[in-house]
**Student:** 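Got a structure here, written out as C-alpha cells. Questions coming.
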Amino acid sequence: MKLLHVLLATTALVSAPAFANMEMAKKNACMACHAVDKKLVGPGYLDIAKKYAGQSDAEAALVKSIKAGGSGKWGPIPMPAQAALSDADAKTLAAWVLAGAK
C-alpha cells in the first residue's frame, strides 16, 4: 500500500508542472488563439517548439514575443502583446511551449 501512495505522489509531482502551465496558458487566454498540436488563429505549440528547436536563445526570443507581441513570423495575423504577464510567467510559458507543451 505504501508503494501505491509513493507512486501516486510521484505521478502527481511529475505531471503537476505541465498541468499548471496548461492552466496558466488557459488563464492568460493563450488557448483562445493557440492549441498544442494544431493551428488555430496562431500556430500550434508543437510547431513553435519545432521552429525554435536548437536555437540557443529560443527561450529569451519566445519570452520577448509573448510579452511584446508581434507579426509576420507566422502569417499576417498579429499576436497581441501580453505586457501585463509577469516576466516569470512569460518565462514559464515559453519553457513549457519549447518543451512541447507537455
**Student:** Give, for atom CH2 of Trp96 and atom CE of Met22, the distance between the pair rounded to the nearest 0.5 Å.
**Tutor:**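 Taking CH2 in Trp96 and CE in Met22, the distance rounds to 4.0 Å.
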**Student:** My understanding is that a hydrophobic cluster links ILVMFWY residues whose side chain heavy atoms are under 4.5 Å apart, including indirect links. Using that, what else belongs to the cluster containing Ile77?
**Tutor:**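 The other cluster members (ILVMFWY side chains, heavy atoms under 4.5 Å, direct or chained) are Val41.
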**Student:** Please tabulate, one pair per line, all N/O donor-acceptor pairs under 3.5 Å involving side-chain atoms of residues 66-75, not counting sequence neighbours.
**Tutor:**
unit_1: Lys67; atom_1: NZ; unit_2: Ala83; atom_2: O; d: 3.4
unit_1: Lys67; atom_1: NZ; unit_2: Leu85; atom_2: O; d: 2.4
unit_1: Lys67; atom_1: NZ; unit_2: Asp87; atom_2: OD1; d: 3.2
unit_1: Lys73; atom_1: NZ; unit_2: Ser65; atom_2: OG; d: 2.4

**Student:** With sequence neighbours left out, write down each residue that passes salt bridge (charged side-chain N to carboxylate O under 4.0 Å, His left out) with Lys26, or none if nothing qualifies.
**Tutor:**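 In terms of salt bridge (charged side-chain N to carboxylate O under 4.0 Å, His left out), with neighbours along the sequence ignored, Lys26 is linked to Glu23.
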**Student:** Do Lys102 and Asn21 touch side chain to side chain, with heavy atoms closer than 4.5 Å?
**Tutor:**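 No; the side chains remain at least 4.5 Å from each other.
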**Student:** Has Lys51 got more than 12 heavy atoms of other residues, nucleotides or ligands less than 6.0 Å from its NZ?
**Tutor:**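 It does: Lys51 NZ has more than 12 such atoms within range.
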**Student:** Please identify each residue that fulfils side-chain contact (heavy atoms from CB on, under 4.5 Å) with Ser56, with sequence neighbours left out.
**Tutor:**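 Listed in chain order: nothing, the list is empty.
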**Student:** Please name all residues satisfying side-chain contact (heavy atoms from CB on, under 4.5 Å) with Gln55, sequence neighbours left out, ordered by chain then number.
**Tutor:**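 With sequence neighbours excluded, Gln55 shows a side-chain contact (heavy atoms from CB on, under 4.5 Å) to Tyr52, Asp57, Ala58, given in chain and number order.
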**Student:** Which is it for Met31 and Tyr45 under the side-chain contact (heavy atoms from CB on, under 4.5 Å) test, yes or no, and what are the steps along the way?
**Tutor:** CA-CA 10 Å; Met31 303 308 289; Tyr45 293 138; 3.7 Å; yes
**Student:** His34 side chain to Pro43 main-chain N or O, any donor-acceptor pair under 3.5 Å?
**Tutor:**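 Checked: pair present.
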**Student:** For residues Val97 and Ile48, report the shortest heavy-atom separation together with the two atoms involved.
**Tutor:**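 Scanning both residues completely, I find the closest heavy atoms to be CG1-CG2, 3.7 Å.
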**Student:** What closest approach, in Å, do Leu93 and Cys30 show between heavy atoms, and which atom pair accounts for it?
**Tutor:**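 For Leu93 versus Cys30, the nearest heavy atoms are CD1-SG, 4.2 Å.
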**Student:** Excluding sequence neighbours, so at least two apart, what forms side-chain contact (heavy atoms from CB on, under 4.5 Å) with Lys39?
**Tutor:**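 In terms of side-chain contact (heavy atoms from CB on, under 4.5 Å), with neighbours along the sequence ignored, Lys39 is linked to no residue.
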**Student:** Do you know the tightest heavy-atom contact between Val63 and Lys91?
**Tutor:**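 Smallest interatomic distance, heavy atoms only, reads CG2-CA, 3.6 Å.
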